[in-house]
Structures are given as C-alpha cells and as structure tokens.
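Accompanying notes for the structure given below.
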Amino acid sequence: MLPDLRQPLIRQLAESGEPRRHWRADDEDGGVWLFESVEGEGEHWAIRQIEVDSRRGAHRYWWAHLQDEHGFLTDQPLEIWELTEISESAFEAVWEAIA
C-alpha cells in the first residue's frame, strides 16, 4: 500500500488551534456519518469522521487511521449545506463509545 499523502495536512489541521465544528449526515441506507471539521482556505475539512452503517457497525477515521477495509476519511471538503450541525459533546460521546 502506498503512503497516504493527506496524512501531514490532516495532522496539521487536527493539531491546529483552529475552531472545530461538528456535523451529521444520514444516508439512504440508514447509516449515519459524523464529522469534526476545521476550516481551511474557506472550506471545511474533516479531521475526524465516524461512520455507523445500517447494521450499526461503527468505524472511526482520523490522521493516524485514514483508511481501512471498511472505508476512509473523506478526501474532499465537506459540503456543509448538506449536513446538520451537532454539538461537540454529541460527537465526542459517539467517538468515545466506539474507541
């Protein structure tokens, strides 16, 4: 497997002091996607992501775990107008629950 060239950028954003925002999206198959984002160059970039599929299998992605056999941290800016903003505590509760 080739090294993921996104890792240094995602790590830099994640370790920055920039404000975080948290988002939720539901897919047509009954899955839920949660994101923590940082704004960079006018766009929101996911620095942590949670995927909960329709069978309630959960997967976490961040700079140290960008991908696995189930999926990957999105490599595109978030389209926040398609997402619902959630609280940091809601995101963190799910993140910690699947640690």
Side-chain angles (χ1 to χ4, degrees):
M1 179 188 298
L2 295 173
D4 193 316
L5 300 177
R6 297 175 300 149
Q7 187 177 31
L9 174 60
I10 300 300
R11 183 176 184 176
Q12 179 183 9
L13 288 171
E15 293 177 349
S16 77
E18 295 299 317
R20 272 80 166 123
R21 292 178 72 184
H22 300 84
W23 311 94
R24 176 190 172 126
D26 299 282
D27 69 26
E28 61 277 353
D29 297 324
V32 176
W33 299 62
L34 303 176
F35 303 96
E36 179 178 57
S37 72
V38 171
E39 191 171 350
E41 298 183 15
E43 298 184 292
H44 285 268
W45 294 92
I47 58 170
R48 293 195 292 168
Q49 175 179 316
I50 303 166
E51 296 176 25
V52 182
D53 63 32
S54 60
R55 296 182 314 274
R56 297 300 172 227
H59 311 283
R60 303 183 330 161
Y61 303 99
W62 69 103
W63 71 264
H65 183 74
L66 290 172
Q67 64 185 4
D68 59 26
E69 64 275 5
H70 303 288
F72 57 92
L73 181 71
T74 184
D75 58 358
Q76 301 293 313
L78 298 175
E79 296 178 4
I80 62 172
W81 56 87
E82 296 179 357
L83 305 174
T84 302
E85 193 159 9
I86 62 172
S87 69
E88 178 180 7
S89 61
F91 180 91
E92 291 298 337
V94 178
W95 185 265
E96 292 302 320
I98 60 174

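All of these numbers come straight from a predicted model, not from anything done at the bench. Keep in mind that the numbers below use all heavy atoms, side chains included, and drop hydrogens, waters and symmetry copies.
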Linked, directly or transitively: Ile80 and Phe35 (ILVMFWY side chains, under 4.5 Å):
yes
Scanning both residues in full, the closest heavy-atom pair of Glu51 with His70 reads OE1-O, 4.4 Å
Those residues at least two apart in sequence (or on a different chain) that pass side chain to side chain donor-acceptor pair (under 3.5 Å) with His65 are Asp68
With sequence neighbours left out, the residues meeting side chain to side chain donor-acceptor pair (under 3.5 Å) with Trp62 are none
Hits for side-chain contact (heavy atoms from CB on, under 4.5 Å) against Gln7, two or more places apart or cross-chain, chain-then-number order -> Trp63, Leu66
Quick note, side chain to side chain donor-acceptor pair (under 3.5 Å) partners involving residues 73-83, not counting sequence neighbours, are none
dist Ile50:CD1 -> His59:NE2 (nearest 0.5 Å) comes out at 12.0 Å
N/O donor-acceptor pairs under 3.5 Å from side chains in residues 38-47, not counting sequence neighbours:
unit_1: His44; atom_1: ND1; unit_2: Ser37; atom_2: OG; d: 3.2
unit_1: Trp45; atom_1: NE1; unit_2: Gly40; atom_2: O; d: 3.4

Here the pair of heavy atoms bringing Arg20 nearest to Glu18 is NH1-O, 2.7 Å
Show the atom names and distances, to 0.1 Å, of all donor-acceptor pairs under 3.5 Å that link a side chain in residues 24-31 to residues at least two apart or in another chain.
unit_1: Arg24; atom_1: NE; unit_2: Asp26; atom_2: OD1; d: 3.2
unit_1: Arg24; atom_1: NE; unit_2: Asp26; atom_2: OD2; d: 3.2
unit_1: Arg24; atom_1: NH2; unit_2: Asp26; atom_2: OD1; d: 2.7
unit_1: Asp27; atom_1: OD1; unit_2: Asp29; atom_2: N; d: 3.0
unit_1: Asp27; atom_1: OD1; unit_2: Gly30; atom_2: N; d: 3.1
unit_1: Asp27; atom_1: OD1; unit_2: Gly31; atom_2: N; d: 2.7
unit_1: Asp27; atom_1: OD2; unit_2: Trp33; atom_2: NE1; d: 3.2

Hey, can you pull the donor-acceptor pairs under 3.5 Å for the side chains in residues 86-99, sequence neighbours left out?
unit_1: Ser87; atom_1: OG; unit_2: Ser89; atom_2: OG; d: 3.1
unit_1: Ser87; atom_1: OG; unit_2: Ala90; atom_2: N; d: 3.0
unit_1: Glu92; atom_1: OE2; unit_2: Arg48; atom_2: NH2; d: 2.2

One should read off an interatomic distance between Arg6 CZ and Leu13 CG, to the nearest 0.5 angstrom, of 12.0 Å
Applying side chain to side chain donor-acceptor pair (under 3.5 Å) to Arg60 and not counting sequence neighbours gives none
Taken to the nearest 0.5 Å, the spacing of Trp23 CH2 from Leu78 CG works out to 8.0 Å
Sequence neighbours excluded, the answer for side-chain contact (heavy atoms from CB on, under 4.5 Å) partners of Ser54 is none
